[in-house]
Number of protein chains: 2
Amino acid sequence: MARTAGSHSDITGPRVREAALSLFAQHGYAAVSMRQIAKEVGVQAGALYNYTPDKQSLLFDLLRGHMDELLSARAKELVPDTPVAQLEAFSKFHIRFHLERPLSVFISYMELRNLTPENFVTIEELRRKYEGQLETILRDGHEAGAFQVADTKITTLAIIAMLNGVNTWYRSGGRLSLPEVEAIYWDMVRKAVT
Amino acid sequence: MARTAGSHSDITGPRVREAALSLFAQHGYAAVSMRQIAKEVGVQAGALYNYTPDKQSLLFDLLRGHMDELLSARAKELVPDTPVAQLEAFSKFHIRFHLERPLSVFISYMELRNLTPENFVTIEELRRKYEGQLETILRDGHEAGAFQVADTKITTLAIIAMLNGVNTWYRSGGRLSLPEVEAIYWDMVRKAVT
DNA sequence: AGATTAACTGAACACCCGTTCAAAACAAGC
DNA sequence: GCTTGTTTTGAACGGGTGTTCAGTTAATCT
């Protein structure tokens with residue numbers, strides 16, 4: 001046997017990334033072997049190397065792809081003109097974006113330590129860029145007297161942590177709809193800073 | 001060679017657990033080998049099996065030990081008589097306890113997926129037991145009219161997530177002291193629920 | 001001092017790891 | 001239908017994995 005019937009890189013390529021994402025999220029990068037990924041895709045391990053130079057790149061590409069999507073989706077959002085409205089927009093955008101891709105979110109901060117140092121730096125820069133947007137909203141709002149925050153940097157991280165928490169329990173089709181979840185979290189964020 | 005000079009189980013035992021904790025936190029359970037742990041301790045890999053039946057138990061014992069400590073430390077705390085004071089005590093206790101043992105906290109929710117199913121259930125029960133205490137405070141306070149929470153369960157998880165976030169950035173000897181951090185977070189928690 | 005117990009070594013077990021590559025089989029273009 | 005290019009196999013590479021255990025040495029007990 002060699003090339004199999006119906007095989008095509010346009011199909012296998014995405015399936016490799018999907019399988020890697022799913023398995024990394026379930027068991028962790030280090031616990032997943034290239035042979036497991038290959039089995040999920042339905043090929044032999046060697047075939048994976050048509051789609052990635054090595055296992056590390058498979059992880060890195062997933063994480064960088066996620067951060068790129070996050071930043072470009074955020075850049076497409078309208079920016080309201082008051083700090084309160086900006087914070088509301090940010091909070092709801094964050095929840096919506098993260099609930100739409102739970103696996104990517106999960107590996108994006110569970111697997112950071114399995115990146116090589118250079119790759120880690122790259123991802124961290126993108127993360128700081130995103131968190132910086134929230135910090136700017138808080139600082140501007142604080143200076144304009146719209147928010148009362150003790151420490152802008154810490155408040156930024158506290159809000160991000162709280163919003164990220166939604167991914168630990170939310171399941172689509174559950175008790176609460178997405179707009180309801182957005183409303184509950186926005187209510188807590190708003191009260192925490194005013 | 002065989003038994004080495006000065007060797008004693010009272011010394012080696014704790015060192016095995018410390019090495020495992022440190023290495024699991026740095027690289028993740030799956031990425032750390034028994035030989036690496038042994039090297040850190042200064043013994044051969046076989047000697048580890050005087051202290052643990054297998055690698056899985058090493059992880060499980062660290063996690064269960066952490067949860068046991070958490071629950072027993074919490075049980076020793078005084079419980080104030082008003083809901084607001086109870087929430088304040090809980091928030092500050094949580095921050096203090098978690099900042100005192102960052103490595104245990106870290107592996108306690110990074111390595112959950114590397115537990116066997118039975119071990120996972122055991123740890124999850126302990127976690128729910130702890131989170132249940134916060135939920136009780138919120139529910140009692142809500143019924144007494146002290147808090148305005150849209151959803152007790154979700155608010156519980158949101159507060160826990162926010163408080164856990166402190167471990168991602170706090171370094172002792174940094175810009176802020178422990179009491180300052182406690183005060184900032186308590187301020188945000190209080191405002192979020194009233 | 002001699003016997004007993006506790007602690008550890010070092011080698012071995014069977015198996016899995018990421019990665020490479022020549023050979024083979026299929027798809028696409030003419 | 002034949003050639004060219006694409007995709008995959010299957011075996012191999014050197015090395016690492018968790019775990020076991022007979023044998024050896026140090027500590028402890030009598």
Side-chain angles (χ1 to χ4, degrees), chain A residues 1-24 26-62 107 111 113-119, chain B residues 1-21 23-24 26-63 107 111 113-119:
Chain A
M1 305 218 196
R3 179 170 189 172
T4 52
S7 61
H8 208 294
S9 63
D10 291 347
I11 295 165
T12 308
R15 293 198 57 208
V16 168
R17 286 183 285 278
E18 284 162 24
L21 174 60
S22 168
L23 289 170
F24 289 166
Q26 277 181 70
H27 310 293
Y29 173 78
V32 173
S33 70
M34 294 299 271
R35 285 172 179 83
Q36 277 178 267
I37 298 171
K39 193 170 193 177
E40 179 98 356
V41 176
V43 297
Q44 295 298 315
L48 298 180
Y49 291 85
N50 290 326
Y51 303 97
T52 181
D54 47 40
K55 192 186 176 191
Q56 168 71 202
S57 301
L58 210 42
L59 176 64
F60 177 61
D61 289 348
L62 288 173
I107 67 164
E111 301 301 346
R113 63 183 165 183
N114 287 308
L115 291 173
T116 62
E118 307 121 321
N119 287 346
Chain B
M1 304 222 194
R3 181 169 187 170
T4 54
S7 62
H8 207 293
S9 64
D10 292 348
I11 296 166
T12 309
R15 293 197 60 209
V16 168
R17 287 183 283 276
E18 284 162 24
L21 174 60
L23 289 170
F24 288 165
Q26 276 180 73
H27 309 293
Y29 173 78
V32 173
S33 70
M34 294 301 270
R35 284 171 180 82
Q36 276 177 269
I37 297 171
K39 193 170 193 177
E40 179 98 353
V41 175
V43 297
Q44 295 297 316
L48 298 180
Y49 290 84
N50 291 325
Y51 304 98
T52 181
D54 47 41
K55 192 187 176 190
Q56 169 71 201
S57 301
L58 211 42
L59 176 64
F60 177 61
D61 289 348
L62 288 173
L63 265 57
I107 66 164
E111 302 300 348
R113 62 184 164 182
N114 286 309
L115 292 173
T116 62
E118 307 121 322
N119 287 345

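Predicted model, so just to flag it, every value in this text is computed and none were measured.
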Distance-only donor-acceptor pairs under 3.5 Å for side chains of residues 7-20 of chain A, two or more places apart:
unit_1: A/Ser7; atom_1: OG; unit_2: A/Arg3; atom_2: NE; d: 3.0
unit_1: A/Ser7; atom_1: OG; unit_2: A/Thr4; atom_2: O; d: 2.8
unit_1: A/His8; atom_1: ND1; unit_2: A/Asp10; atom_2: N; d: 3.4
unit_1: A/Thr12; atom_1: OG1; unit_2: A/His8; atom_2: O; d: 3.2
unit_1: A/Arg15; atom_1: NH1; unit_2: A/Val41; atom_2: O; d: 3.1
unit_1: A/Arg15; atom_1: NH2; unit_2: A/Val41; atom_2: O; d: 3.3

Legend entry - Minimum-distance nucleotide (side-chain atoms of A/Ala2 versus C/dG10, C/dA25, C/dG18):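 My answer, after comparing the listed nucleotides, is C/dA25.
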Measure [atom1]/[X] against [atom2]/[N] and give the value in whole Å, please.
| X | N | atom1 | atom2 | value |
| --- | --- | --- | --- | --- |
| B/Asp10 | C/dC8 | CG | P | 11 Å |
| B/Met34 | C/dT9 | CE | P | 14 Å |
| A/Arg15 | D/dT8 | CZ | P | 10 Å |
| A/Phe24 | C/dG18 | CZ | C1' | 12 Å |
| A/Gln44 | C/dA24 | CD | C1' | 14 Å |
| A/Lys39 | D/dT9 | NZ | P | 14 Å |
| A/Ile37 | C/dC17 | CD1 | C1' | 12 Å |

Legend entry - Any residue meeting salt bridge (charged side-chain N to carboxylate O under 4.0 Å, His left out) with B/Asp54, in chain and number order, not counting sequence neighbours: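 With neighbours one apart ignored, the set is empty.
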Polar atoms only, N or O, under 3.5 Å: list the protein pairs with nucleotides 1-3 of chain C and their distances.
none

Tell me every residue that passes side chain to side chain donor-acceptor pair (under 3.5 Å) with [X], counting only those two or more places apart in sequence or in another chain.
| X | answer |
| --- | --- |
| B/Gln44 | none |
| B/Gln56 | B/Asn119 |
| A/Arg35 | none |
| B/Gln26 | B/Ser22 |

Shorter than 3.5 Å, N or O on both sides, protein versus nucleotides 14-16 of chain D: list them out with atom names.
none

Inset, instruction - On DNA chain D, check which nucleotide each of B/Gly46 and A/Val43 is closest to and give me the residue with the more 5' one. - result: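 Upstream on the strand: A/Val43.
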Legend entry - Charged N-O contact under 4.0 Å between B/Glu111 and B/Lys55: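 B/Lys55 and B/Glu111: not salt-bridged.
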Which protein N or O atoms sit under 3.5 Å from an N or O of nucleotides 26-30 of chain D?
unit_1: D/dA27; atom_1: OP1; unit_2: B/Gly6; atom_2: N; d: 2.7

Legend entry - Touch class at under 4.0 angstrom, heavy-atom based, for A/Val41 against every strand present: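 Counting heavy atoms under 4.0 Å across all strands, no contact is made by A/Val41.
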Legend entry - Nucleic acid contacts of residues 47-59 of chain B, taken as heavy-atom distances under 4.0 Å to DNA chain C: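 Per residue number, the list reads B/Ala47, B/Asn50, B/Tyr51.
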Quick test: give all pairs of protein nitrogen or oxygen and nucleotides 2-4 of chain D nitrogen or oxygen below 3.5 Å, distance rounded to 0.1 Å.
none

